[in-house]
Amino acid sequence: MAAVTFVSHDGEKCEAPLDEGCSLMQVATNNAIAGIDGDCGGEAACGTCHVIVDPTWADKVGPSGPEEEEMLSMNPERQATSRLSCQIKVSESWDGLTVQLPEFQM
Amino acid sequence: MKIPEAVKTKVEAAIPLDRQVQAAHLYDKGRRWLTGTNGQKMFVEGPIPPVEEVALEDIDLSNPFLYRQGRWASYFKRLRDEAPVHYQAHSPFGPFWSVTRHADIIAVDKNHEVFSAEPLIVIGAPPRFMDIAMFIAMDPPKHDVQRRAVQGVVAPKNLREMESLIRERVRDVLDNLPVNEPFDWVSTVSIELTARMLATLLDFPFEQRHKLVVWSDLATSMEQANGGPSDNDELFRGMVGMARGLGALWHDKAARLAAGEEPGFDLITMLQSDENTKDLIKRPMEFAGNLILLIVGGNDTTRNSMSGGVLALNRFPDQFEKLKANPDLIPNMVSEIIRWQTPLGYMRRIAKADTVLNGQFIRKGDKVVMWYASGNRDETVFERPDELIIDRRNARNHIAFGFGVHRCMGNRLAELQLRILWEELLPRFERIDVVGEPEYVQSNFVRGISQLMVELTPKGAR
């Protein structure tokens with residue numbers, strides 16, 4: 001089964017199955033991945049599902065949209081491949097996807 | 001006559017802030033004399049009827065006594081059920097829309113293109129010349145620039161440094177509390193802890209920290225802004241003191257930095273080291289506005305969640321037992337306490353274009369109030385919403401921090417302070433009993449507890 005790996009700030013790895021059609025935030029919360037809050041429930045309005053996409057996957061996952069960018073741009077931990085995971089619709093073809101979690105969700 | 005922005009900025013920059021506040025005070029005295037309103041209060045408290053006795057169109061959520069009299073929850077519920085986007089045409093603050101459902105509030109809060117935070121986020125307007133610039137009441141892109149300059153003060157690196165300091169202070173305050181006798185939790189714990197935190201954030205002289213509390217309380221108690229109990233003469237005198245105090249702090253910090261002192265992780269240092277804000281002192285109204293914003297933001301809010309948590313756990317004693325049996329619930333309980341208390345009742349917007357919200361036609365220029373306190377009791381999102389349930393599954397979906405670009409900047413620091421408070425309370429006290437009825441603040445904005453008498457039973461006392 002296709003899986004995504006979440007890497008915590010301390011380097012700890014957690015795998016979760018990639019369910020087609022779910023957002024990456026839902027994948028994380030459904031699998032109780034620590035470090036993804038998703039306070040607004042998937043509206044790109046809180047910024048608490050921030051992930052940093054592994055650069056080798058950045059093209060496949062795609063860049064952030066304008067709404068998402070407004071929340072990300074205020075985040076001091078923001079990096080080049082930062083995304084809000086609630087805005088990423090996952091695909092089963094992404095087996096091996098790796099994303100890094102920030103130290104804190106703002 | 002419209003004064004060009006550039007001229008206004010130049011004039012403001014040339015006159016020290018305390019002088020400007022004094023001039024505003026004179027203007028306000030003149031206004032009160034001319035209009036014959038001097039000494040008159042806008043609001044005199046009278047009993048508020050049960051919501052069933054009020055016609056729908058007469059429901060006025062701007063009444064600053066709704067919270068104090070405990071009627072607010074039933075008023076919000078009726079609007080959520082019967083008119084979730086409700087128009088009040090004749091309030092003392094003029095006409096305004098009330099948005100009371102969780103989903104509608106998120107829709108408005110997210111949409112800054114249509115719903116502007118400018119020029120103010122309270123229902124009314126402060127006295128003239130007191131309506132100073134703060135980024136909570138600015139739209140992007142100006143908002144983003146100013147917020148970015150100060151956001152770092154609550155960045156992870158700072159929070160890490162602060163954690164041990166906060167814990168040390170909480171211990172100090174808790175170890176000195178009276179036991180087995182009544183005392184006021186609000187002044188002894190909630191105000192004391194938040195004042196110490198604020199003094200640190202600003203690198204403000206520690207022994208003068210009570211001034212920050214006074215200024216913050218004055219800034220949030222203006223009757224024209226939110227129905228508070230302020231006396232305008234007292235208000236203006238306090239603001240002159242604040243202008244001088246914060247101006248002195250700025251110059252003192254700049255001088256210390258210039259003399260080679262290691263830059264601190266405080267807010268003033270941050271403003272002084274950011275290209276966009278290093279000359280903020282030359283824009284005195286903006287300087288004052290943004291500092292007041294951060295002082296108020298870090299004061300009334302966490303204070304009332306510190307008090308509200310104690311009150312809520314007394315109202316729902318089974319939850320306190322649950323907590324004692326499982327202290328790991330503290331982080332989730334912190335979110336639940338913030339939801340239950342919702343220290344700031346709402347944020348206001350102005351429609352920048354005609355729009356439709358949940359079936360209601362809102363005109364360009366209309367005032368729209370997002371009632372966070374109601375969204376947090378929305379039964380379609382939270383089961384048994386009026387109860388404190390410390391292991392509530394979706395407590396984090398509360399709306400008290402707001403959503404979108406104006407989402408609370410200090411949310412993580414607030415949670416950190418509350419978490420540490422409860423982590424340190426549990427091993428010390430067997431019981432925290434509220435004795436007598438709490439007293440509440442007069443305001444339609446701040447949901448504040450002004451007095452909460454409690455009695456502590458230490459662990460192992462029986």
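Residue numbers start from 1 in every chain, and the chains themselves are labelled A, B, ... in the order their sequence lines are given, proteins ahead of strands.
- Residue with the most contacts toward chain B among A:E67, A:E70, A:M71, A:M74: A:M74 (heavy-atom pairs, distance under 4.5 Å).
- The pair B:E379-B:R80 counts as a salt bridge, with a side-chain nitrogen and a carboxylate oxygen less than 4.0 angstrom apart.
- For a residue to count as touching a neighbouring chain, one of its non-hydrogen atoms must lie under 4.5 Å from one of that chain's; by this rule B:H143 touches chain A with the side chain only.
- Between B:P140 and B:V405, the closest side-chain pair of non-hydrogen atoms falls below 4.5 Å.
- Looking only at atom types and distance, the side chain of B:N290 has a donor-acceptor partner in the side chain of B:Q146 under 3.5 Å away.
- For B:I399, no part sits under 4.5 Å from any heavy atom of chain A, backbone or side chain.
- When heavy atoms are compared at a cutoff of 4.5 Å, B:N411 approaches chain A solely by way of its side chain, counted from C-beta outward.
- For B:H112, the part lying under 4.5 angstrom from a heavy atom of chain A is the side chain only.
- Of all the listed residues (A:G47, A:C46, A:P76, A:G41), the one sharing the greatest number of non-hydrogen pairs under 4.5 Å with chain B is A:C46.
- Under the 6.0 Å distance and 45° angle rule, B:R339 counts as a cation-pi partner of B:F382.
- Proximity of A:E43 to B:F403: side-chain heavy atoms (C-beta onward) are nowhere separated by under 4.5 Å.
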